[in-house]
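The next block holds one structure in the form of structure tokens; read it before the comments.
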Amino acid sequence: MVPGNGTQNSEFLLLGLSKEQELEPLIFGLFIFMYLATILGNLLIILVTVSDSHLHTPMYFFLSNLSFVDICFTSTTIPKMLVNIQTQSKVITYKGCISQMYFYILFAVLDDFHLAVMAYDRFLAICHPLSYTVMMSPQLCKLLVLISWLISALHSLLESLMVLRLSFCTDLEIPHFFCEIKQVIRLACSDYSLSDTVMYVTAVLLAGGALAGILYSYSKVVSSICGIPSAQGKYKAFSTCVSHLSVVSLYYFSSLGVYLLPAPTHSSRSSAAASVMYTVATPMLNPFVYSLRNKDIQGALKRVVQMVCIKKKIVLGLKKCP
């Protein structure tokens, strides 16, 4: 089958997380809950950071961008999965699969970069507090986000083009709940060694580079915290990093386990289950673990609620006036 001819008219079958049909209502309920929690939690973070001037700092600028990326990340995979369960259909078109793959890779790499940039921000804030506001200027913050988007978009385009050059035959069943690139490449009936190599090399360069930056930043942060004389000062500095490290650990351990372990060591179903950790669980936990436990966020939420209550009283008072 020639790429660009019959392949583009074919359809893939997303087999999902389980072969048991009786489990599908449970999976549907669990995933729609996790998806709604992700959307609402991250939208709340964006709303609070934008509306409260106290949070117009580099840390919360990057946090609001991470929340936006997490919303987009989950929205590329979960809605299609929910629709397939509801309609009892496993079909996704060739174009739909390639599009889903492109946006999935785009937002996955953006997640990597945002976590790395946030680690760099904490490194500057803790290790260079006196020059932090000068070094982490608004222009630099915007530039870092822009560069992250550009690199992610180009990388995602490269990966998608490598898949487009492949031809697919009759066995088009993907043992996953979305068009995960590793599983799609394995279905090609043409030589996919180049696509496979590009996927692993770029993953090591981008994800590995981002992880190396995170580890370096936090090694410096820990070293700086150990030099703080007071126990209270150490606790305050360390508390700002623990939640970030927990999110990074969950995201990277699960994603690296899926992509770096050789295929014979784990089944496709277990790979799909592990993918849930970084595609759904981490974006859902980000607002709760990383943000809502933060005192600045809690204070901003209280101010927003108070403002809404005051406006509501004013509107009700005006309605009562003759």
Tell me if the [atom1] atom of [X] is crowded by more than 12 foreign heavy atoms within 6.0 Å.
X	atom1	value
F28	CZ	yes
K80	NZ	yes
F103	CZ	no

Please report the interatomic distance [atom1]([X]) to [atom2]([Y]), rounded to the nearest 0.5 Å.
X	Y	atom1	atom2	value
C141	M136	SG	CE	5.5 Å
F61	H56	CZ	NE2	11.0 Å
N42	L66	CG	CG	7.5 Å
F33	L36	CZ	CG	8.5 Å

Minimum side-chain heavy-atom gap [X]-[Y] below 4.5 Å:
X	Y	result
M135	L140	no
C179	L14	yes
Y278	P283	no
M81	F31	yes
V248	Y218	no
C189	S167	yes
F177	I78	yes
L17	V276	yes

Has the side chain of [X] got a donor or acceptor atom that lies under 3.5 Å from a matching backbone atom of [Y]?
X	Y	answer
D112	L206	no
T74	D70	yes
S156	Y102	yes
H128	L124	no
T197	S193	yes

same_hphob_cluster([X], [Y]) at 4.5 Å side-chain heavy-atom cutoff:
X	Y	value
L106	L205	no
V198	V204	no
L55	V50	yes
L26	I85	no
L30	I39	yes

* Should the pair D196-K182 be classified as a salt bridge under the 4.0 Å nitrogen-to-oxygen rule? ->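 Result for this pair is no, no salt bridge flagged.
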
* To do: May I ask you to decide if the ring planes of F123 and Y216 are parallel, tilted or perpendicular, using 30° and 60° as cut-offs?
  =>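 Judged by the thresholds at 30° and 60°, the geometry between F123 and Y216 is tilted.
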
* Classify the ring geometry between F107 and W149 as parallel (under 30°), tilted (30 to 60°) or perpendicular (over 60°). =>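 It falls in the perpendicular class, over 60°.
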
* **CA sep, side-chain torsions, deciding dist, call: F62, L115, side chain to side chain contact (heavy atoms under 4.5 Å, CB included)** => CA-CA 9 Å; F62 294 130; L115 292 173; over 6 Å; no

For [X] versus [Y], what's the shortest heavy-atom pair and its separation?
X	Y	answer
V163	M101	CG2-SD, 3.7 Å
C127	K220	SG-O, 3.5 Å
L47	S51	O-OG, 2.7 Å
G96	T93	N-OG1, 3.0 Å
I46	S64	CG1-O, 3.7 Å
A210	A116	O-CB, 3.8 Å

* **Audit row: L15, K90, side chain to side chain contact (heavy atoms under 4.5 Å, CB included) steps and yes/no** => CA-CA 6 Å; L15 301 184; K90 300 180 182 295; 4.2 Å; yes

* Go through the steps for E180 and I174 under the test side chain to side chain contact (heavy atoms under 4.5 Å, CB included), then give the verdict. => CA-CA 8 Å; E180 197 269 326; I174 302 174; 5.8 Å; no

* Ring-ring centroid check F12 F168, cutoff 6.0 Å -> yes

* Asked: Can you check side chain to side chain contact (heavy atoms under 4.5 Å, CB included) on F178 and I92, steps first, answer last?
  -> CA-CA 9 Å; F178 66 95; I92 183 170; over 6 Å; no

* Any donor-acceptor N or O pair under 3.5 Å, side chains E159, T202 -> yes

